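Keep in mind it's a predicted model, so treat the numbers as computed, not measured.
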Amino acid sequence: MREIIESGKTAIGIEFGSTRIKAVMTDMDGKPIAEGGFGWENQYENGVWTYSLDMIWKGLQTAYAELKTDVKNKYGADLKTTGAIGFSAMMHGYMAFNKEGELLVPFRTWRNTITEQAAKELTAEFGFNIPQRWSIAHIHQAILNKEEHVKDITFFTTLAGYIHWKLTGEKVLGIGDASGMFPIDSTTRNYNESYLDKYDAIISKEGFGWKIRDILPKVLVAGEKAGTLTEDGAKLLDVSGELGAGIPLCPPEGDAGTGMVATNSVAVRTGNVSAGTSVFAMVVMEHALKAVHEEIDVVTTPVGDDVAMVHCNNCTSDINAWANIFREYSEAMGIEVDTNKLYTTLFEAALKGAPDCGGIIGFNYFSGEPVTGFEEGRPVILRSVNADFSFANFMRHNLYSAVSTLKYGLDILLKDEGIEFDKLYGHGGYFKTKEVGQRIMSAATGGPITVMETAGEGGAWGIAVLALYTNFADKMTLPEFLNDVIFKGEEGYTVMASPEEVEGFEKYMEAFKKCIPVERAAVENI
C-alpha cells in the first residue's frame with residue numbers, strides 16, 4: 001500500500017459539511033484507505049448564518065493534515081501526490097467577489113431564510129421554483145435590498161466552487177452544484193438560456209456593469225477536466241509544502257451530488273435520503289413535474305439528469321438536544337454514559353413506541369423551514385392530556401419530528417406528481433443505528449429504504465469517487481462506473497415498514513398539519 005500511495009495511485013475527496021470537514025483517500029477501486037477531519041459550526045452574525053474565511057481555510061488545512069498523518073501512521077507513506085482530487089460542500093448560499101478576488105460580504109450559507117421576496121419574485125418570473133437558499137435568490141435579494149456591493153461583483157459561486165477556484169484558478173462548478181445556483185437545462189447540460197435572458201431583463205434597469213452569464217461559474221459534468229492544482233493551491237492545501245502541484249481535479253460538487261454518488265442513486269428511478277443536521281430526499285425523475293411546487297426543488301445529478309429534491313433545514317439537532325438532556329440526567333445520577341450507547345438506546349426505544357407516537361406531536365425547528373413557510377423556527381413539543389407520554393413514544397416522536405417536514409414535501413412529489421422510485425438509499429447520522437432510522441423513513445415514504453455498507457463514508461467519499469471517475473469517463477458512464485466498479489457485488493441492507501407503521505405516520509402527519517398554527521404562534525411570541 002505504501003508504494004501505491006507514494007506513486008499516486010489514489011484519489012482524495014474533501015467535503016465541507018455543516019458540522020464537519022472530512023477528507024477521504026481511496027485506492028483505485030474506490031475503497032477508503034485513510035481519512036482526516038475537522039469539526040466546525042456556523043456562526044449567526046448580523047442576522048446571517050456564516051462561516052469565516054479563516055475558519056474555512058483552517059478547517060481544510062487541518063482535515064488534510066489529519067489525512068496525511070493517518071496515511072503515515074497506517075502505511076508509513078509520505079503523502080506528496082495523488083491521482084486526482086475533488087472538493088465538495090454544502091450547496092447553495094452566496095459568495096460574491098470583486099475583480100481583485102476579495103469577498104464582498106460574509107459568506108451567506110444555505111441555512112439563511114432571508115430571501116423570501118426574491119425567491120417568490122423569481123419563481124413567478126421563471127415559472128420554475130427558486131428556493132430561498134439558492135444563490136440566484138441571494139444575489140437578487142441583495143439587489144432588492146439595494147446593497148452597495150452588488151455593482152462590484154465580477155464572480156459569485158458556492159463554497160465548493162470557491163475552494164476549487166483558489167486551488168486551481170478555475171471558475172468552474174459541477175452541474176449538480178450549479179443547479180443549486182441557477183436553473184439548469186438538462187438537455188444542454190448548462191444553465192437555462194431563457195431564464196438567463198429573463199434575469200438580465202429583470203435587472204437591466206439597475207445599470208450594473210455585468211450580466212448574469214458573466215459572473216456565474218462555468219458548468220462542467222462529471223468526468224470532465226476541471227483544472228489542476230497550482231503551486232499556490234498546493235501550498236494552501238498542504239501547509240508543510242510537501243504536496244506537489246499539477247494534480248488533476250474533478251469538477252467541484254455539492255453535497256446533494258456526492259450523496260447520490262455515495263449511495264449509487266444517479267440512475268433514473270433511484271433516489272436517496274440524506275439525514276443529518278438537515279435532511280433532503282432526491283429522486284431521479286423519469287418525467288418533468290406537471291406543476292411548480294415551492295416545496296420541491298429541481299436540481300440535477302452530477303451528469304445533469306433532472307432530480308426532484310425536497311430539502312428541509314432541520315433534522316437531527318433536536319434529537320441531539322434531547323440526547324444531551326438524557327446525558328446530563330445520567331451524569332446527575334452518577335452514571336457515565338458512552339455516546340454510542342446513548343444514541344443506540346434512544347433510537348432503539350423509538351421502535352417500541354406506538355406507530356402514531358401515542359398522541360405526542362411536535363416541531364424540531366431550530367431554524368426557518370421554507371417547505372412549511374417558516375422564516376424562523378422554535379422547537380416545540382405538544383401532547384394532549386390523555387396522550388400516552390412514555391419514553392418509547394417520546395423517542396418515536398423525536399424521530400418522526402426529524403423527518404415530518406420532509407414527508408410533508410415528499411407527499412406532494414409521490415402522491416400529487418406521481419413520481420415513482422424503485423430504490424431509495426439512506427445515509428447520514430439518522431441511519432447510524434441499524435434498522436431504526438430506516439424503518440421510520442420507510443414509514444414516512446411508504447417504500448423500502450436501503451443502507452449500503454459504504455453509506456457511512458458519506459459525501460467526502462462520494463467526491464473522491466467522482467475524482468476517481470475522471471480516469472474512467474472516456475470508457476463508461478457514471479452509472480456504469482458506480483455499478484460495475486464501485487458498488488460491484490454490494491446489495492446493502494433493506495428495511496420496509498409494516499402497513500401499521502405507514503398508517504401510524506399518516507395519522508401523526510394529520511396532527512402535525514393541524515398544529516402548524518401552534519408553531520407559528522411560538523415563532524411570533526417566543
Q: Quick check on Lys423: does its NZ atom have over 12 non-hydrogen neighbours (other residues, nucleotides or ligands) under 6.0 Å away?
A: no
Q: Show the nearest heavy-atom pair for residues Leu424 and Thr445, with the distance to one decimal.
A: CD2-CG2, 3.9 Å
Q: Side-chain contact test, heavy atoms from C-beta onward, threshold under 4.5 Å: evaluate it for Thr494 versus Ile449 and give yes or no.
A: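 In short, these two side chains do not touch, never coming nearer than 4.5 Å.
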Q: Side chains of Phe156 and Ile139: closer than 4.5 Å at any heavy-atom pair?
A: yes
Q: Got a second to check how far Thr405's OG1 is from Glu519's CD, nearest 0.5 Å?
A: 9.0 Å
Q: Please work out which of the three classes, parallel, tilted or perpendicular, describes the rings of His397 and Tyr508, given edges at 30° and 60°.
A: tilted
Q: Quick one: are Leu399 and Ile319 in side-chain contact, heavy atoms under 4.5 Å?
A: yes
Q: Would His293 and Asn129 satisfy side-chain hydrogen bond (donor to acceptor under 3.5 Å, both in side chains), going step by step from the backbone distance to the final call?
A: CA-CA 6 Å; His293 304 279; Asn129 183 39; over 6 Å; no
Q: Salt bridge check: are Arg396 and Glu348 linked by an N-O gap of less than 4.0 Å?
A: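 Salt bridge flag = no for Glu348 with Arg396.
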Q: Test side-chain hydrogen bond (donor to acceptor under 3.5 Å, both in side chains) on Tyr365 and Thr372 and set out the steps.
A: CA-CA 11 Å; Tyr365 292 5; Thr372 44; 2.9 Å; yes
Q: With a 4.5 Å limit on heavy-atom distance, are the side chains of Val172 and Trp165 in contact?
A: no
Q: Determine, using ring centers only, whether His140 and Tyr199 are less than 6.0 Å apart.
A: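 Ring centroids of Tyr199 and His140 are less than 6.0 Å from each other.
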Q: Give the intermediate values and the outcome of ring-ring contact (aromatic ring centres under 6.0 Å, His included) for residues Trp134 and Phe182.
A: CA-CA 7 Å; Trp134 279 32; Phe182 194 92; 8.5 Å; no
Q: How far apart are the closest heavy atoms of Glu116 and Gln141, and which atoms are they?
A: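 That would be N-OE1, 4.0 Å.
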Q: With a 4.0 Å cut-off on N to O distance, would you call Lys290 and Asp416 a salt bridge?
A: no
Q: Can a donor-acceptor pair be found between the side chains of Thr258 and Glu15 at a distance below 3.5 Å?
A: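 Yes, a side-chain donor-acceptor pair sits under 3.5 Å.
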Q: Test side chain to side chain contact (heavy atoms under 4.5 Å, CB included) on Asp27 and Lys9; report intermediate values, then the result.
A: CA-CA 7 Å; Asp27 62 18; Lys9 295 177 182 177; over 6 Å; no
Q: Look up atom CZ in Arg133 and atom NE2 in His138, then write down how far apart they are to the nearest 0.5 Å.
A: 9.5 Å
Q: Using every non-hydrogen atom in the two residues, find where Ala226 and Pro251 come nearest and quote the distance to one decimal.
A: CB-N, 3.5 Å
Q: In Å, rounded to the nearest 0.5 Å, how long is the span from CD of Glu286 to CD1 of Ile419?
A: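 If we round to the nearest 0.5 Å, Glu286:CD and Ile419:CD1 are 8.0 Å apart.
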Q: If every non-hydrogen atom of Lys225 is compared with every non-hydrogen atom of Leu220, which pair is closest and at what distance?
A: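 Heavy atoms of Lys225 and Leu220 come nearest at O-CD1, 3.6 Å.
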Q: For residues Leu67 and Val24, report the shortest heavy-atom separation together with the two atoms involved.
A: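 Reported closest heavy-atom pair: CD1-C, 4.4 Å.
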Q: For the ring pair (Phe, Tyr, Trp, His ring centres under 6.0 Å) test, which of Phe505, Tyr400, Phe363 pairs with Phe512?
A: Phe363
Q: Can any side-chain N or O of Ser179 pair as donor or acceptor with the backbone N or O of Val299 at less than 3.5 Å?
A: no
Q: Can you find a pair of side-chain heavy atoms, one from Met309 and one from Met282, that are under 4.5 Å apart?
A: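 In short, these two side chains touch, coming nearer than 4.5 Å.
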Q: Start with the C-alpha gap between Val273 and Tyr430, add the side-chain angles, then the distance that decides, and say whether side chain to side chain contact (heavy atoms under 4.5 Å, CB included) holds.
A: CA-CA 10 Å; Val273 180; Tyr430 188 83; over 6 Å; no
Q: Under the 3.5 angstrom rule, does the side chain of Thr433 hit a backbone N or O of Val436 as a donor-acceptor pair?
A: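 Not at all, since once roles are kept as given, no pair shorter than 3.5 Å links the two residues.
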Q: Would you compute the distance between atom CD1 of Ile516 and atom CD of Glu369 and round it to the nearest 0.5 angstrom?
A: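 It is 10.5 Å, given to the nearest 0.5 Å.
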Q: Can you confirm whether Thr26 sits close enough to Lys31 that some side-chain heavy atom of one is under 4.5 Å from a side-chain heavy atom of the other?
A: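 When only atoms from C-beta onward are counted, Lys31 and Thr26 do not touch, as no gap falls below 4.5 Å.
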Q: Do Phe107 and Tyr162 have their ring centres less than 6.0 Å from each other?
A: no
Q: Rounded at 0.5 Å granularity, tell me how far CE in Met509 sits from CD1 in Ile361.
A: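 One gets 8.0 Å once the value is rounded to the nearest 0.5 Å.
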Q: Would the number of heavy atoms belonging to other residues, nucleotides or ligands and lying under 6.0 Å from NZ of Lys488 be above 12?
A: no
Q: A cation-pi test, strictly: NZ or CZ of Lys198 under 6.0 Å from the centre of the six-membered ring of Tyr195 and no more than 45 degrees from its axis. Yes or no?
A: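 So Lys198 doesn't make the cation-pi contact.
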Q: Let me see the working for Ile202 and Glu125 under side chain to side chain contact (heavy atoms under 4.5 Å, CB included), right down to the final yes or no.
A: CA-CA 9 Å; Ile202 292 168; Glu125 289 284 349; 3.7 Å; yes
Q: Out of curiosity, Ile21 CD1 to Ile163 CD1, how far, rounded to the nearest 0.5 Å?
A: 8.0 Å
Q: Could you walk me through whether Asn190 and Asp185 pass the side-chain hydrogen bond (donor to acceptor under 3.5 Å, both in side chains) check?
A: CA-CA 6 Å; Asn190 210 332; Asp185 182 342; over 6 Å; no
Q: Please check: side-chain N/O of Glu417 versus main-chain N/O of Leu414, any donor-acceptor pairing under 3.5 Å?
A: no
Q: So, does Asn313 use its side chain to make a donor-acceptor pair with the main chain of Pro370 at under 3.5 Å?
A: no
Q: Taking Glu170 for its side chain and Leu249 for its backbone only, find out whether a donor-acceptor pair lies under 3.5 Å.
A: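 No; judged by distance alone, with no hydrogens or angles, the pair does not exist.
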Q: Would Glu506 and Lys407 pass as an ion pair if we require N to O under 4.0 Å?
A: yes
Q: Could you walk me through whether Ile136 and Ile130 pass side chain to side chain contact (heavy atoms under 4.5 Å, CB included), step by step?
A: CA-CA 8 Å; Ile136 190 63; Ile130 302 295; 3.8 Å; yes
Q: Could you tell me whether a side-chain N or O of Ser186 sits under 3.5 Å from a main-chain N or O of Asp306, the two making a donor and an acceptor?
A: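 Between the backbone of Asp306 and the side chain of Ser186 there is no qualifying donor-acceptor contact (under 3.5 Å).
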Q: Does a side-chain heavy-atom distance below 4.5 Å link Pro355 with Val502?
A: no
Q: Are the side chain of Ser442 and the backbone of Arg439 linked by a donor-acceptor contact shorter than 3.5 Å?
A: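 Side chain of Ser442 to backbone of Arg439: no pair is present.
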Q: Taking the six-membered ring of Trp49, is NZ or CZ of Arg111 closer than 6.0 Å to its centre and within 45° of its axis?
A: yes
Q: Would Trp110 and Tyr51 count as a close aromatic pair, with their ring centres under 6.0 Å?
A: no
Q: Please determine if Lys218 and Glu224 form a salt bridge, counting it only when a charged side-chain N lies under 4.0 Å from a carboxylate O.
A: no
Q: Would you check if the side chain of Glu490 reaches a backbone N or O of Phe487 as a donor-acceptor pair within less than 3.5 Å?
A: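 Between the backbone of Phe487 and the side chain of Glu490 there is no qualifying donor-acceptor contact (under 3.5 Å).
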Q: Which heavy atom of Ser278 sits nearest a heavy atom of His311, and at what distance?
A: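 Reported closest heavy-atom pair: OG-NE2, 4.1 Å.
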Q: Does the side-chain hydrogen bond (donor to acceptor under 3.5 Å, both in side chains) test come out yes or no for Thr109 and Asn42, once each step is laid out?
A: CA-CA 9 Å; Thr109 77; Asn42 53 194; 5.0 Å; no
Q: With a 4.0 Å cut-off, would you call Arg189 and Asp305 a salt bridge?
A: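 Result for this pair is yes, salt bridge flagged.
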Q: With a 4.5 Å cut-off on side-chain heavy atoms, are Phe481 and Leu468 touching?
A: yes
Q: More than 12 heavy atoms of other residues, nucleotides or ligands under 6.0 Å from CD of Glu435: yes or no?
A: yes
